[in-house]
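In what follows, chains carry the letters A, B, and so on, assigned in the order in which the sequence lines appear, proteins first and then strands, with residues in each chain numbered from 1. Heavy-atom basis, side chains included; hydrogens, waters and symmetry copies ignored.
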Amino acid sequence: MIGRLLWNDIRNHKLLSFSTVIFMAASSLFISLAAVLLVGLLGCVDDLMEKAVTPDYLQMHAGDIQTEKIKVFAREHAEVEKWQVSPFLNLENSSVVLGNRSLADSTQDNGLCMQSDGFDFLLDMNNVCPVVEEGEVYVPVCYRSLYELNIGDKMQIGSEELIVAGFIRDSQMSSMMASSKRFLVCKEDYNRIKKLGEEEYLIEFLLKEKTDIDSFAADYGSAGMDANGPAITKPLIRMMNALSDGIMILVILLVGIGVLLISLLCIRFITALGVEQDRREVGMLKALGIENKQIRFLYLSKYILFSFVGALLGFWGAGILERPLSEKLRELYGVSNKGLFSVAITILTCILIQAVILFFIRHVLKKIEKMSALEALFPVQTQGKNKERSQYVIIGLVVAACMVLTLIPQNLYSTISSSQFVSYMGIGDAAIRMDVRQSENIGEITENLLEELSYDSDVLKYVALKTVSCPVILADGSQVNLIVETGDHSVFPVKYAEGSHPEKEGEIALSVLQAQDLGLHVGDKLELIYSGKSKIAVVCGIYSDITNGGKTAKMSNLSSGGNTDDRVMWSILYVSLKDNVHTEQWMKKYTCPGVDIVDIASYVQGTYGPTIKQIEMAKLVAMGIALLIIMVVVMLFMRLMIEKKRYCISLQKALGFNNVSIRTDYFIHGFVPITVGALMGVLLGNIFGESICGQILKSLGAYGFHFVIRWEWVILIIIILMVTAAAAVSFGTLEVKKIKAYECCMRKE
Amino acid sequence: MDKILRVEKLCKDEIIKDVSVGVNQGEMVAIMGPSGSGKSTLLYNISGMDQPTKGKVWLKEQEITALSENDKAKLRLHQIGFVFQQMNMMENLNILDNILLPAIQANKEKKKERTEKRELIDEAARLMEKLSISGLEKRKITEVSGGQLQRACICRSMINHPEIIFADEPTGALNKGASEEVMNALMSLNREGTTILMVTHDSRMASRCGRIMYLLDGQLQGELMLEDCPKDSFKQREEKVNQWLAKMEW
């Protein structure tokens with residue numbers, strides 16, 4: 001009988017039942033999709049890192065290499081399982097043509113390397129080490145779609161030509177956030193092409209399990225080893241890999257949580273309304289002697305059925321969406337062998353979400369227990385105008401939630417794609433960046449450029465910042481290498497979370513993560529070794545930086561008048577141009593070997609391009625979902641409210657009110673909370689969204705994050721959402737037309 | 001005669017004031033009174049649907065007023081039948097399923113020797129035949145007349161063989177013909193030994209009972225015994241009731 005009762009109830013309340021199932025399915029879909037993508041991402045990143053045997057500690061080094069010294073160091077450290085020095089031939093981007101396109105505008109350091117013997121393998125698309133023949137090259141897989149490459153295409157390096165024989169997955173540098181890309185060639189080709197590039201070294205260590213990588217890094221620094229370049233650890237590589245594709249998952253998760261909250265709100269309303277509509281029947285069941293828990297079970301069994309269908313739909317939907325969304329992950333990192341685990345995670349997440357919803361419904365159904373049989377049978381009309389109005393708050397809340405859902409990805413997109421975002425990257429607000437990296441005479445090229453710039457009437461201001469690796473002596477006497485950018489930091493100042501830029505000699509500014517790592521604050525002192533002498537520097541400022549693993553420093557100059565060029569790893573010139581100067585044409589003037597010149601917008605695009613694209617997609621998806629939710633929820637709500645007031649409307653009609661006047665009345669009732677909700681949503685989306693994104697970016701080293709709000713987009717979103725909401729209210733009030741004037745006369749009460 | 005129901009100094013807020021009554025096994029009693037006199041409130045407090053502010057109620061040896069909500073629910077399921085003026089039934093079930101609803105629930109609560117569903121259906125069919133509504137089993141509740149629906153409600157109240165039926169204005173929402181049908185059904189059950197306590201404002205219906213109690217401002221004002229009047233002489237009984245009601249300033 002229960003089955004028949006449920007079936008008839010569902011048939012008689014098709015709209016309510018359908019909406020409940022849809023809300024349940026949507027909640028399951030998004031959260032389980034985020035869970036399965038996250039498991040997939042971490043799974044395939046870990047799989048690739050395991051198969052490629054990624055080093056635990058890696059030090060890049062430009063200049064002569066002292067292999068013997070490394071050998072001694074490794075022998076003295078029992079935690080070193082294996083070590084190797086891999087040469088990396090840094091190529092001049094402008095001399096490389098991939099397929100039909102030049103790499104001149106690439107923001108990456110592109111270079112050749114050979115397959116390692118011991119570890120840090122570059123794997124082909126089957127995740128095995130490819131055999132590279134002479135004349136062949138294996139290209140990083142992230143370039144396949146970027147440069148529309150196919151096997152058999154050509155790669156031109158100066159006068160040399162190689163054939164693309166396949167694509168490789170690089171466990172260290174797959175992500176576009178990693179600044180270098182390795183092309184795999186055989187030994188013969190490498191040696192032949194060597195003269196066309198600048199050779200650098202990757203000093204790599206594979207450590208035994210449970211080794212403290214940070215203390216190993218400190219030991220390496222203290223031992224005065226080769227360290228002319230940034231160092232990176234395995235956890236950082238893993239984070240960079242996960243992060244570049246993790247933002248999309250984060251947005252899906254945020255959307256999922258938003259949808260779940262909206263669903264709970266709507267399900268609560270639908271359930272409470274259902275109990276209200278069945279009040280007399282509940283009272284009758286109580287009068288017949290059916291216990292509360294059995295009446296509650298009767299209701300709950302309906303929702304368990306809905307929940308089951310919702311979970312199935314969510315599982316199915318997540319399965320369909322998972323494939324296209326994880327396609328890029330599969331290409332970059334390979335297929336994770338956690339297929340069954342992923343299915344289990346999807347099922348578990350669906351069950352968990354449904355359990356949360358059912359628990360919530362069970363709580364709402366407690367209302368049944370609180371009603372006595374008499375109260376249920378003969379309800380006292382206590383519902384005043386205020387309570388009725390308060391029910392409309394629900395649509396205000398839904399519109400506010402949808403607004404937040406849409407504004408967070410929109411603002412995040414506006415912020416990351418804006419020119420001001422570079423200030424979180426440890427870069428000032430310049431227009432053009434000139435990198436001088438791969439040359440034996442970085443200093444000379446930099447000086448020449450500076451001279452040219454000083455005569456250039458198109459230039460508004462410019463500065464050259466030279467980066468050196470400088471040892472720091474910690475309180476316990478150990479040493480670490482600090483990447484210090486030296487020069488005049490007042491020309492294009494970055495955002496300082498505390499203090500200000502270094503002006504005088506002996507002042508140093510640290511990036512947030514570096515300061516945290518060293519446990520230093522503004523005003524603290526630290527001991528540096530430069531020009532062969534130990535000097536004390538005072539921390540004058542702490543700034544946001546999410547480049548180079550977030551750990552950098554800035555000083556005005558290492559020694560007044562001294563020549564630091566012998567230790568310069570690279571130098572970067574920042575330039576801003578006068579108004580009306582054509583940036584691209586100006587950049588062409590300065591194109592020369594050894595200098596990568598790029599406008600900052602393209603630099604951001606090159607580094608965060610894939611992430612920006614993902615956020616752009618996520619913002620469109622979020623917008624679509626928000627519009628759908630508003631349309632369904634607001635329309636459903638209005639229909640339910642009108643159904644609830646059926647008797648009153650019928651009476652109004654009997655008294656001579658027409659459809660237009662009644663619908664207008666309900667439209668106003670609905671539209672006022674929508675307007676309030678929209679304004680609330682704008683406020684929350686900007687404030688609350690900023691603090692959520694700020695917290696995430698803070699963990700990466702970007703302090704004091706603020707949204708760059710593009711108001712023209714925000715206003716457009718407000719208009720679109722409100723017009724949709726107004727249309728939904730209007731459609732919902734169409735129900736008024738179906739109510740007949742005579743209905744009130746037929747009511748039995 | 002054994003008292004099936006005893007009410008002692010029952011009070012409910014300011015509506016019922018110190019009412020003490022008793023109902024004998026097999027009796028059919030009507031409570032009358034003007035609107036607002038507290039008839040329905042008294043009925044709900046006696047039947048355990050509501051909790052009095054003071055006083056005690058016993059059904060046989062069981063003190064209803066001392067029971068927990070769950071125990072009261074059990075009592076309503078097994079020992080009490082209820083008929084409402086509004087003919088409350090589950091919209092999503094047909095007539096037969098509505099009648100069977102309390103029986104199936106009671107059967108579920110039995111730990112041993114559960115009754116076969118077939119037997120329950122047969123019992124429902126027997127009751128429906130007795131109340132002249134056979135053939136309506138599969139109908140929706142919206143597809144039968146008011147009189148038929150109220151008789152189906154009486155069948156439902158009888159399905160678990162209760163000790164007593166409480167009826168609140170059972171003919172209040174019905175026309176004359178339908179009221180007759182319902183009243184005849186109740187009388188027929190009473191003849192078979194079912195005790196009935198009902199609230200009505202219809203003197204014609206009240207005159208079918210053996211005893212009438214008159215309530216005014218929450219207090220019992222008097223009682224009229226009709227046991228000595230011939231049961232089939234409706235006119236004589238009605239006249240007697242009307243005269244008595246006039247004396248009570250009805």
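Applying the side chain to side chain contact (heavy atoms under 4.5 Å, CB included) test between L288(A) and each of Q105(B), R156(B), R76(B) identifies R156(B) as the sole match.
In the displayed structure, F297(A) atom CZ is contacted under 6.0 Å by at most 12 heavy atoms of other residues, nucleotides or ligands. In the displayed structure, R204(B) atom CZ is contacted under 6.0 Å by more than 12 heavy atoms of other residues, nucleotides or ligands. Counting heavy atoms of neighbouring residues, nucleotides and ligands inside a 6.0 Å radius, atom CZ of R268(A) does not exceed 12 of them. Residue W316(A) places its CH2 atom among 12 or fewer non-hydrogen atoms of other residues, nucleotides or ligands, all under 6.0 Å distant. In the displayed structure, K56(B) atom NZ is contacted under 6.0 Å by at most 12 heavy atoms of other residues, nucleotides or ligands.
Distance check, rounded to the nearest 0.5 Å: CD of Q294(A) to CG of L77(B) gives 8.5 Å. Going from atom CG of L285(A) over to atom CG of L101(B) covers 6.0 Å, rounded to the nearest 0.5 Å. Atoms CG and CD, on D71(B) and E291(A) in that order, are 8.5 Å from each other to the nearest 0.5 Å.
Between chain A and the residues M90(B), K72(B), M49(B), K108(B), the largest count of heavy-atom pairs under 4.5 Å involves M90(B).
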